[in-house]
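Here's the structure, in structure tokens; my notes come after.
Just so it is clear, the values below take in all heavy atoms, side chains as well, and ignore hydrogens, waters and symmetry mates.
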Amino acid sequence: MYCKSSPSSGDSPVPHRKSQAPLRRGAATIAITLALAGCAVGPDFKSPALPQAANGPYTESPLPAATASARGEHVGPAGTSQRLASGQPLPEQWWTLFRSDQLDRLIRAALQHNPTLDAAQAALTQARENYNAAAGSTYYPAVNAQLGGGRQRAILTGTTPNEFNVYNATVNVSYTLDLFGGERRQLESLMAAAEYQRFQTEAAYQTLIANVVTSAVQEASLRGQLQATQELLKAQEEQLRIVDKQVTLGAQPRSAALTQGTLVAQTRAQLPPLDKALAQTRHQLAVFVGRFPGETGLPEFQLDSLQLPAELPISLPSALARQRPDIRASEALLHQASANVGVATANQYPQITLSGNYGTQHTVLPGMDIGNTLWGLSAGLTQPLFNGGALSAKRRAAEAAYQQAEAQYRSTVLKAFQNVADSLRAIDADATALKAQADAEAQARESLEVHTRQYRLGGISYLSLLDAQRSYQQARIGLIQAQATRYSDTAALFLALGGGWWRHPAVEDKTPEG
């Protein structure tokens with residue numbers, strides 16, 4: 001149990017007149033009682049401390065200070081070496097590190113028009129207003145005014161009937177004393193619910209931004225794969241025309257033309273799936289920015305239009321739990337579960353309700369006005385005596401719910417650290433993979449050029465040329481995919497670190513304080 005001062009109830013809503021002295025004395029009694037009612041049963045919530053292991057490195061084996069770089073004719077900015085800047089702050093607008101005006105405009109449009117964010121913001125407003133509504137009824141008494149009027153007829157024995165008007169005006173004040181803090185614990189629970197929704201909204205913002213970035217990268221990758229496949233198909237079709245002429249002249253067997261035609265058909269068959277994936281990716285981008293897929297105006301992304309961030313700010317492990325919105329949301333649920341334990345405990349204690357009323361009644365007869373002043377004070381106490389163990393069972397259920405929320409919090413923290421560790425390993429592996437893929441593409445391209453010259457001179461068989469063409473096709477597509485992976489995993493790392501929202505929250509912090 002803990003004790004704290006109750007908030008001031010402010011001025012009395014009843015005018016200070018001499019005839020209201022009894023009600024004023026009752027209000028003073030209520031105020032004194034409220035001042036004494038400052039204790040709340042149940043546990044006081046404290047943010048859970050992270051285990052000592054959480055302050056160590058993200059990965060079991062140390063990471064290099066900088067990733068490998070890749071060079072080549074078709075590598076582009078994706079081959080940049082990235083330096084890991086440990087302890088550096090993550091920018092709030094981390095997507096600007098890709099240095100793409102098109103991407104920046106697209107994300108701003110998504111933040112402004114995405115309906116999912118609108119729904120999350122509305123849910124946040126709802127949670128805050130629920131708190132405000134409960135706070136008003138918890139900290140202040142309920143004051144209601146009643147006005148009434150009517151016309152009555154009275155018949156007294158031996159007299160003529162009399163008709164008269166009756167008017168009533170009454171002010172009622174009632175308040176349930178929160179002696180054991182059940183109402184305040186309920187208010188604490190609503191405050192935690194508002195905190196949870198706030199961090200859920202922050203997570204929705206960061207997830208949307210990351211989805212826009214990765215979808216833009218995916219579009220650029222598909223566009224690059226489509227272009228490379230079309231170029232390869234053009235070269236293969238040209239080769240097919242040469243083989244057809246050689247078959248006509250008798251320099252090649254018919255099987256050579258059939259084999260080359262099969263290769264052309266196989267390459268051509270790769271185009272429709274790429275076209276479909278590209279169209280679906282653009283449809284998804286349109287929805288992210290709150291547009292219909294049929295609308296025009298979306299920018300077209302190319303891998304060369306994006307810059308790979310040369311420096312990656314890496315938050316310290318000890319700060320991660322305060323930066324990840326999902327961890328903060330899980331902590332808010334733990335806080336809510338803690339408050340609910342207090343609510344269930346307080347329900348086992350007595351509840352006292354105080355009420356008072358003051359009013360006047362006027363009876364208007366012909367030629368006279370009879371006025372009466374009415375007031376009253378009352379108090380009621382409710383003490384649970386026997387309920388079949390229901391209240392004790394509810395308290396134990398609340399304690400079990402707290403244990404569940406605590407386990408879920410630990411699970412969220414572990415997954416968050418796993419996300420960061422996976423992303424850091426991916427960043428390092430992606431750079432190495434791109435370097436190897438760039439070397440493979442350069443060698444495959446040189447090999448194809450050599451095989452093509454040798455074949456035209458009659459130095460090698462046609463099957464050798466086909467093998468060189470297939471190898472180059474696979475190497476070129478693999479290079480484009482490796483480039484896109486570096487961009488996507490960089491965005492995934494920024495998301496895993498929390499997205500930088502705490503430096504300047506995307507959602508204005510209006511969460512109520514307890």
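Proximity of a side-chain donor or acceptor of D104 to a complementary backbone N or O of S100 within less than 3.5 Å is not detected. Of the possible polar contacts, one joining the R328 side chain to the R322 backbone as a donor-acceptor pair under 3.5 Å is found. Checked by atom type and distance alone, the side chain of R324 pairs as donor or acceptor with a backbone atom of A496 at under 3.5 Å. Panel note: side chain T80, backbone P77; a donor-acceptor pair is recorded below 3.5 Å. T412 places a side-chain N or O within 3.5 Å of a backbone atom of Q408 that can act as its donor or acceptor partner. A donor-acceptor contact shorter than 3.5 Å is absent between the side chain of S411 and the backbone of A407. Between the side chain of Q483 and the backbone N or O of L434 there is no donor-acceptor pair closer than 3.5 Å. The closest donor-acceptor contact from the side chain of S447 to the backbone of Q443 lies at 3.5 Å or more, if one exists at all.
Sorted by first then second residue, the salt bridge (charged side-chain N to carboxylate O under 4.0 Å, His left out) pairs that include residues 489-498, not counting sequence neighbours, number zero. For residues 68-117, the set of pairs meeting the ring-ring contact (aromatic ring centres under 6.0 Å, His included) definition, not counting sequence neighbours, comprises W94-F494.
Counting heavy atoms from C-beta on, the side chains of Q186 and T138 never come closer than 4.5 Å. Contact of the K394 side chain with the Q348 side chain is not registered, since no non-hydrogen atoms from C-beta on lie closer than 4.5 Å. Put simply, the side chain of P48 reaches to within 4.5 Å of the side chain of E331, judged on heavy atoms. Residues R71 and V75 fail the side-chain proximity criterion, which asks for heavy atoms closer than 4.5 Å. In this structure the side chain of Q227 never reaches within 4.5 angstrom of the side chain of R476, judged on heavy atoms. Contact annotation: the side chain of L258 approaches that of R254 to within less than 4.5 Å [non-hydrogen atoms, C-beta and beyond]. The shortest side-chain heavy-atom distance between P43 and V341 falls under the 4.5 Å cut-off. Using a 4.5 Å heavy-atom cutoff, the side chains of H283 and R291 are not in contact.
Side-chain contact of Q323 with S315: a donor-acceptor pair under 3.5 Å is present, judged by distance alone. Checking S189 against N340 by side-chain atom types alone, a donor-acceptor pair falls below 3.5 Å. Side chain to side chain, Q473 and Q270 meet the donor-acceptor criterion of an N or O pair below 3.5 Å.
Ionic pairing of R241 and E237 is not present here: no N-O contact between side-chain nitrogen and carboxylate oxygen is shorter than 4.0 angstrom. One finds a salt bridge joining R470 and D467 here, because a Lys/Arg side-chain nitrogen approaches an Asp/Glu carboxylate oxygen to under 4.0 Å. Using a 4.0 Å cut-off between charged side-chain N and carboxylate O, D101 and R105 make no salt bridge. For the pair K234 and E231, the salt-bridge criterion is not met [side-chain N within less than 4.0 Å of a carboxylate O].
Of all the heavy atoms in F288 and S215, the pair that sits closest is CE1-OG, 3.4 Å. Nearest heavy atoms, L111 versus Y205: CD2-CD2, 3.7 Å. Nearest heavy atoms, S221 versus Q481: OG-CA, 4.4 Å. When all heavy atoms are compared, the tightest approach of D428 to P64 is OD1-CG, 3.4 Å. Residues G498 and P325 come closest through the heavy atom pair O-CD, 4.0 Å. Nearest heavy-atom pair across L97 and P91 is CD1-CG, 4.2 Å.
Take F45 and apply the ring-ring contact (aromatic ring centres under 6.0 Å, His included) test, not counting sequence neighbours, and it matches H335. For A110, the side-chain contact (heavy atoms from CB on, under 4.5 Å) partners at least two apart in sequence or on another chain are L208, V212, V289. Applying the side-chain contact (heavy atoms from CB on, under 4.5 Å) test to Q82 and every residue at least two apart in sequence or in another chain returns T67, L308, P309, L312, I427, R486, T490.
When the shell of 6.0 Å around CD of E446 is examined, it contains 12 or fewer heavy atoms from other residues, nucleotides or ligands. By the 6.0 Å contact criterion, CD on Q52 is open, its count of non-hydrogen atoms from other residues, nucleotides or ligands being 12 or less.
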Test salt bridge (charged side-chain N to carboxylate O under 4.0 Å, His left out) applied to R185 and D44, step by step: CA-CA 10 Å; R185 289 300 193 192; D44 293 334; 2.9 Å; yes

Worked verdict on Q454 versus L457 for side-chain contact (heavy atoms from CB on, under 4.5 Å): CA-CA 5 Å; Q454 290 178 338; L457 296 174; 5.8 Å; no

Test log, rule side-chain contact (heavy atoms from CB on, under 4.5 Å), inputs S86 and L316: CA-CA 7 Å; S86 179; L316 294 176; 3.9 Å; yes

From CA spacing to verdict: salt bridge (charged side-chain N to carboxylate O under 4.0 Å, His left out), R184, E188: CA-CA 6 Å; R184 276 167 288 143; E188 183 182 350; over 6 Å; no

Steps toward side-chain contact (heavy atoms from CB on, under 4.5 Å) verdict (R223, Q218): CA-CA 8 Å; R223 200 178 295 281; Q218 177 70 5; over 6 Å; no

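Rounding to the nearest 0.5 Å gives a distance of 9.5 Å between CD1 of I327 and CG of L414. Here the straight-line distance linking atom OG of S47 with atom CG of L334 works out to 9.0 Å at 0.5 Å rounding. In this structure, the separation between CG on L479 and CD on E73 is 10.5 Å, given to the nearest 0.5 Å. A distance of 10.0 Å separates OG in S330 from CD in Q200, rounded to the nearest 0.5 Å. T267 contributes atom OG1, which lies 12.0 Å from atom CD of Q230 (distance to the nearest 0.5 angstrom). With rounding to the nearest 0.5 Å, the separation of CG in L465 from OH in Y455 is 7.0 Å.
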Show every donor-acceptor pair shorter than 3.5 Å between a side-chain atom in residues 296-306 and any protein atom, with sequence neighbours excluded, or say none if there are none.
residue, atom, partner, partner atom, Å
S305, OG, Q302, N, 3.4
S305, OG, Q302, O, 2.5

